[in-house]
Amino acid sequence: MTTIRYTTDFKKEIVRRLLNGETSRSIELETGVSKASISNWKKEFKLHQTINGIKDDDLDGGTQYSNVEKLQIIIESSTLNEVELSEYCRKKGIFKEYIDQWKDNIVKTMNYADSLSHEKFQFDIVKDKAIKSLTMEVRKKNQIIAEMAECIHIEKKPIPIWAQTKGKDY
């Protein structure tokens, strides 16, 4: 079994095409390079090389953009077809993958926020039920105490402060 060796320039070109929006399947069909090789090359270049003049530090998802700018890019690119999207990405100096990654991050964040608000809502319901139950219990106990006080009418004579006699009950 022979192993095919590809030049570094060829690998860079394949990775550039992939990051500019071309699918690994179309690259595989055109060049005969397997998807696994393409994926490995992409990982390799992200870790060790510079592609299109972008340092490997910048290959993690367009860190030069603020969250507001990322959202604006997502909105602007949402109506574009593949060709227009590739052109848009080239103008912005970003890869199509960044936009997909940003969309995923937004969806994950929104789902997490929804789950938190749902949990808080459930907690509020439980808390309200507990407060209602405790309030009812306090009312019942107050009513019982009032009824007992009515039934047991205790009269006590006031003890004069000046009384100093021992053993006498007043």
* From Lys91 atom NZ to Cys89 atom SG, the distance as rounded to the nearest 0.5 Å -> 11.5 Å
* To do: Report the C-alpha distance between Tyr6 and Trp41 in whole Å, list the side-chain angles of each, state the deciding distance to 0.1 Å, and finish with yes or no for side chain to side chain contact (heavy atoms under 4.5 Å, CB included).
  => CA-CA 11 Å; Tyr6 296 100; Trp41 295 346; 3.4 Å; yes
* If you group Ile, Leu, Val, Met, Phe, Trp and Tyr by side-chain heavy-atom gaps below 4.5 Å, do Ile74 and Val107 land in one group? -> no
* Expected output: side-chain Thr31 to main-chain Ile27 donor-acceptor under 3.5 Å -> yes
* First locate atom CH2 of Trp102, then atom CD of Glu97, and finally report the distance between them rounded to the nearest 0.5 Å. => 12.0 Å
* Asked: Quick check: does any side chain N or O of Ser37 sit under 3.5 Å from a backbone N or O of Val33, one acting as donor and the other as acceptor?
  -> no
* About how many Å separate CD of Gln72 and OH of Tyr65, when rounded to the nearest 0.5 Å? -> 10.5 Å
* Apply the salt bridge (Lys or Arg N to Asp or Glu O under 4.0 Å) test between Glu13 and each candidate in Lys11, Arg17, Arg16; give the one that qualifies. => Arg16
* Single-linkage hydrophobic cluster Ile75~Ile99, side-chain heavy atoms < 4.5 angstrom -> yes
* Reported OG1-to-CG distance for the pair Thr109 and Asp104, which is rounded to 0.5 angstrom -> 10.5 Å
* Glu30/Arg25 salt bridge by N-O under 4.0 Å criterion -> no
* Asked: Atom CG in Asn81, atom OG in Ser86: separation rounded to 0.5 Å?
  -> 9.0 Å
* Please determine if Lys96 and Asp100 form a salt bridge, counting it only when a charged side-chain N lies under 4.0 Å from a carboxylate O. => yes
* Could you tell me whether Arg90 and Glu87 make a salt bridge, using a distance below 4.0 angstrom between a side-chain N and a carboxylate O? => no
* Asked: What distance do Glu82 atom CD and Thr23 atom OG1 have between them, rounded to the nearest 0.5 Å?
  -> 8.5 Å
* Glu69 side chain vs Ser66 backbone, donor-acceptor pair below 3.5 Å -> yes
* Are the side chain of Ser77 and the backbone N or O of Ile73 linked by a donor-acceptor pair below 3.5 Å? -> yes
* Given Thr135, which of Arg139, Glu137, Lys132 fulfils the side-chain contact (heavy atoms from CB on, under 4.5 Å) condition? -> Arg139
* **In one Ile/Leu/Val/Met/Phe/Trp/Tyr side-chain cluster, 4.5 Å: Val126, Leu134** => no
